[in-house]
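Since the structure comes first, as structure tokens, the remarks are kept for the end.
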Amino acid sequence: MSSTPETVPPETVMVADPDPLTLDPISRSALALFAGASGDHNPIHIDIDFARSAGFDDVFAHGMLSMAYLGRVLTGWLPQERIRSYGVRFAVVTPLGAKPTCSGTIVAIEDGLATLDLLVQLEDGTVTLSGTATVELAPEVEQGR
Amino acid sequence: MPLEPARAMAMVFGRGTFEVDRGRLRLFAAAIGERDPVYTDLTAARAQGHPDLPVPPTFFLTMENETHGLRFLADLDVDMGAVLHGEQHFAYRSMVHAGDQIDIQPRIADVYSKRANTLDFLVKETDFTRGDELVAQSKTVMVIVNRDGGAS
């Protein structure tokens, strides 16, 4: 029944880009939950009165929430112990109701390590976060490349 | 109020200790929509070779939030409404699991201004150790927006 040719080398599968992840629209309750779970209690993310007093129209999402969502793209792709480094720049704040999509693209493979460019984008194309990760490939991939 | 660079660089942080517990990891997984059972179910975690529930990649900052938090910004007279998270980086040496006791040691690595002092940048670097073993390091860049144009 299986039509997968047995000649497909495993590394071809192993080095495919991770699957992108699209999240539900950011809600106030998601931010309240993340504030408690993450220990980031900055009122700018949960208290509209405070956000307005600071010059914002409304509360906005924690940058670390987007980074955690994006981290799920990595950990859903390979075992977490293979992640050597993971870093991001927060470009603009993520407003309430925004629907982020997280993605990663392999840009280099060297010495058994893959470098990925990472992105979180909103539906209108706004890039809220860009980053990089370095991951260890499985030993057979290193051999295969 | 603009950041005072000398005062910020002179900031000394005590070492904090965070005990990783399963309940907090499950709460964190729920908050980030993590559905992979390896992060919430002990049997699934052990089946993947973990001694207990693993700490996910960004949870290190949560540990630091609990031991140190953003109190240092208040100590520097920085208005929380003017603070943005500019960058966050992690380097990983070893997996951390529920049951581990992690020592957390932040330090201010750099302070600088841009755009005619309207933006102050504060760079904090943190070591995470388990006993004598360095398990992870983080670098946080905070941006402080001086809406008054920056007086410093």
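By convention in this document, chain letters (A, B, ...) are assigned in the order of the sequence lines, proteins followed by strands, and residues within each chain are numbered from 1.
- The two residues Leu42(B) and Leu53(B) have their closest heavy-atom pair at N-CD2, 3.7 Å.
- Among the candidates Leu27(B), Ile32(B), Val145(B), the residue making the largest number of heavy-atom pairs closer than 4.5 Å to chain A is Ile32(B).
- Heavy atoms of Ile83(A) lying under 4.5 Å from chain B belong to its backbone as well as its side chain.
- Hydrophobic clustering (ILVMFWY, side-chain heavy atoms < 4.5 Å, transitive): Leu122(A) and Leu84(B) are in distinct clusters.
- Within the structure, the ring pair (Phe, Tyr, Trp, His ring centres under 6.0 Å) test picks out the following pairs touching residues 121-145 of chain B (sequence neighbours left out): Phe60(B)-Phe128(B), Tyr112(B)-Phe121(B).
- Contact annotation for Val55(B): only backbone heavy atoms (N, CA, C, O) come within less than 4.5 Å of a heavy atom of chain A.
- With sequence neighbours left out, the ring-ring contact (aromatic ring centres under 6.0 Å, His included) criterion links Phe56(A) to Phe60(A).
- With hydrophobic clusters built from ILVMFWY side chains whose heavy atoms lie under 4.5 angstrom apart, Leu119(A) does not share a cluster with Leu116(A).
- With a 4.5 Å cut-off between side-chain heavy atoms of Ile, Leu, Val, Met, Phe, Trp and Tyr, the cluster of Leu134(B) takes in none.
- Following chains of ILVMFWY side-chain contacts shorter than 4.5 Å, one can reach Val83(B) starting from Met9(B), so the two form part of one hydrophobic cluster.
- With a 4.5 Å cut-off on non-hydrogen atoms, Leu25(B) does not touch chain A at all.
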For chain A against chain B, give me the donor-acceptor pairs closer than 3.5 Å, one per line with atom names and distance.
residue: Arg24(B); atom: NE; partner: Ala37(A); partner atom: O; Å: 2.8
residue: Arg24(B); atom: NH2; partner: Ala37(A); partner atom: O; Å: 2.9
residue: Ile32(B); atom: O; partner: Arg72(A); partner atom: NH1; Å: 2.8
residue: Gly33(B); atom: O; partner: Arg72(A); partner atom: NH1; Å: 3.1
residue: Gly33(B); atom: O; partner: Arg72(A); partner atom: NH2; Å: 3.1
residue: Tyr39(B); atom: OH; partner: Gln80(A); partner atom: OE1; Å: 2.8
residue: Val55(B); atom: O; partner: Gln80(A); partner atom: NE2; Å: 2.8
residue: Thr62(B); atom: OG1; partner: Ser38(A); partner atom: O; Å: 3.0
residue: Asn65(B); atom: ND2; partner: Ser38(A); partner atom: O; Å: 2.9
residue: Gly86(B); atom: O; partner: Phe90(A); partner atom: N; Å: 2.8
residue: Gln88(B); atom: N; partner: Val88(A); partner atom: O; Å: 2.9
residue: Gln88(B); atom: O; partner: Val88(A); partner atom: N; Å: 2.7
residue: Phe90(B); atom: N; partner: Tyr86(A); partner atom: O; Å: 2.7
residue: Phe90(B); atom: O; partner: Tyr86(A); partner atom: N; Å: 2.9
residue: Tyr92(B); atom: N; partner: Arg84(A); partner atom: O; Å: 2.7
residue: Arg147(B); atom: NH2; partner: Ala54(A); partner atom: O; Å: 3.2

Worked verdict on Leu65(A) versus Ile26(A) for side-chain contact (heavy atoms from CB on, under 4.5 Å)
CA-CA 10 Å; Leu65(A) 179 57; Ile26(A) 302 281; 4.2 Å; yes
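- For chain A, the nearby part of Met95(B) is the side chain; its heavy atoms alone come within less than 4.5 Å.
- Between chain A and the options Gly69(B), Ala30(B), Ala31(B), heavy-atom pairs under 4.5 Å are most frequent for Ala31(B).
- Both the backbone and the side chain of Phe34(A) come within less than 4.5 Å of a heavy atom of chain B.
- Interatomic distance, Leu118(A) CG to Leu129(A) CG, rounded to the nearest 0.5 Å: 8.5 Å.
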